[in-house]
Structure formats: structure tokens, C-alpha cells
Amino acid sequence: MRSKIFIDFHTHHDRQSSDLINLQTLHVTPELQAESLPNTCSLGLHPWFVQLETWEAALANLVDLAKLSQVVAIGECGLDRNIDLSLETQIAVFKRHIELAEELQKPLVIHCVRAFAELIALKKNTKSSMPWIIHGFNKKEEVFQQLLKHDFYFSFGAAILSDRSPVTQAIATMPQGRFLLETDDRNDINIEQIYDRAASLRHISLETLQTQLVETYRQLTRLG
Ligand SMILES: [Zn+2]
């Protein structure tokens, strides 16, 4: 893998470029087929779209699809206290992703809204050995430090572009090897902007950041 490339670790958009690894994330339904998967992707049941009637069937499909080599991560999946679906159901669905990640030795990409205590408890109780990467992280310093202590990884996106965001400090001091970058569902920004901003907050060159994040990506996804 070359080192002067950009990695968009979590995006809902299809974008192709010779210097980009575009990790497109797809919500799995019972109908999703292997033929419609992008070259590099992450698959899971997003808590927003989990339906009581269909999630078991969607999960069975995920178990099949996730074995494919282009699926480099499991997710996004996770917990969200701002939605109607009960946290109990969300935890049940999320636990199945945790098991699958473990079985396939692929990292978990996590969506978490106002449920960090539950997330930390799950990580402790399941004793998962795979990396748990919280995507779109944008919480205050105390939460960040606590998650860091519990060995979580992070993927930072548009929030770091804002001077008011609490994560600009986090990314400036973040240990190397613990984070990646993303654009998520935004199509008004590109991953190059996020890289430029992260490099400047960390006082390193773009090239150095690129080399470091390729290394992080290889470690997290166990790709050569
Ligand atoms: Zn997303």
C-alpha cells in the first residue's frame, strides 16, 4: 500500500480516485446483495434504520456478506439515545455485531449518541479483542479521555474544521495510531480538507500524516 494516499474511513458516498481509499459504509437490509457492494466497504445495521420485524433477517444477511474480502470493517452500528427504538433492542443488535467482528477479526465502526457509559460497559463485559472505532467523535474532553483510557479508537470528521469544537484539542494531542479521518454523510467537504486541518492541528506535514494514517489503517484492518 502506498503511503501518499488519503483514507476516508467512514463515508456514505461513493468516490473514486487513485490516491484515495474510500471506505463506504452501507446499512444492510435483508435484500442487499454482494454484487452491489463497493470495492472497499464497511457493513452493519445502523441503529436509525433497525426495524423490529426485519433486523434478524438483515443480520443473517450481514453475517454472509461480511465474510467477503472487500468488507474491511463491521459497522456502522451502535447505540443512540435520541431515537425511539429501545436501548435494550439496540444493545441486542449491537452485541451481534460485536460477536461478528470477533469471529471475522474485523474492526467495529461505532455510532454512539448519549450512550457512552453503556458502550464502555459493553466493551468491558464482552472482552472484545478487536478495535472499536467511534466515528464522528465530537464530545468534550472528559468523555474523550475516558474513552481513550478504555482503548477506543476514533475517526474524526467535519467537527475538526470548526474552531469551537472540543475535538480540535483532542486531535492536537491524540496519540498517533489511535485515530483516522472521515467525511461521513457530508458532500460539501472533502477528505483532503480534513487531512489538511488535522495536519495543521498536529503541527506535522500532510505527507507525514498520510504515512501515519496508512499505518493506522493497516493495523486496524489487519491489511498488508
Ligand atoms: Zn455515518
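When a ligand or atom number is given, it counts from 1 through the structure's own listing order.
- In this structure, Ile160 CD1 and Asn138 CG are separated by 10.5 Å, a value rounded to the nearest 0.5 Å.
- Note on ring orientation: taking the six-membered ring where Trp is involved, the planes of Phe137 and Phe144 are tilted (angle from 30° to 60°).
- Among the atoms of Glu182, none of the N, O or S atoms falls under 2.8 Å from the Zn ion (ligand 1).
- The Zn ion (ligand 1) lies at the vertex of an angle of 180° between the OD1 atom of Asp184 and the OE2 atom of Glu76 (rounded to 10°).
- Taking 4.0 Å as the cut-off between side-chain N and carboxylate O, Glu118 and Lys95 do not count as a salt-bridged pair.
- Residue contacts to the Zn ion (ligand 1): His10 brings an N, O or S atom closer than 2.8 Å.
- Using modelled atom types, no side-chain atom of Ser36 and backbone atom of Leu32 make a donor-acceptor pair closer than 3.5 Å.
- Backbone or side-chain N, O or S atoms of Asp185 do not reach the Zn ion (ligand 1) at under 2.8 Å.
- Not one N/O/S atom of His111, from backbone or side chain, sits under 2.8 Å from the Zn ion (ligand 1).
- Between the side chain of Arg96 and the backbone N or O of Leu59, no donor-acceptor pair lies under 3.5 Å.
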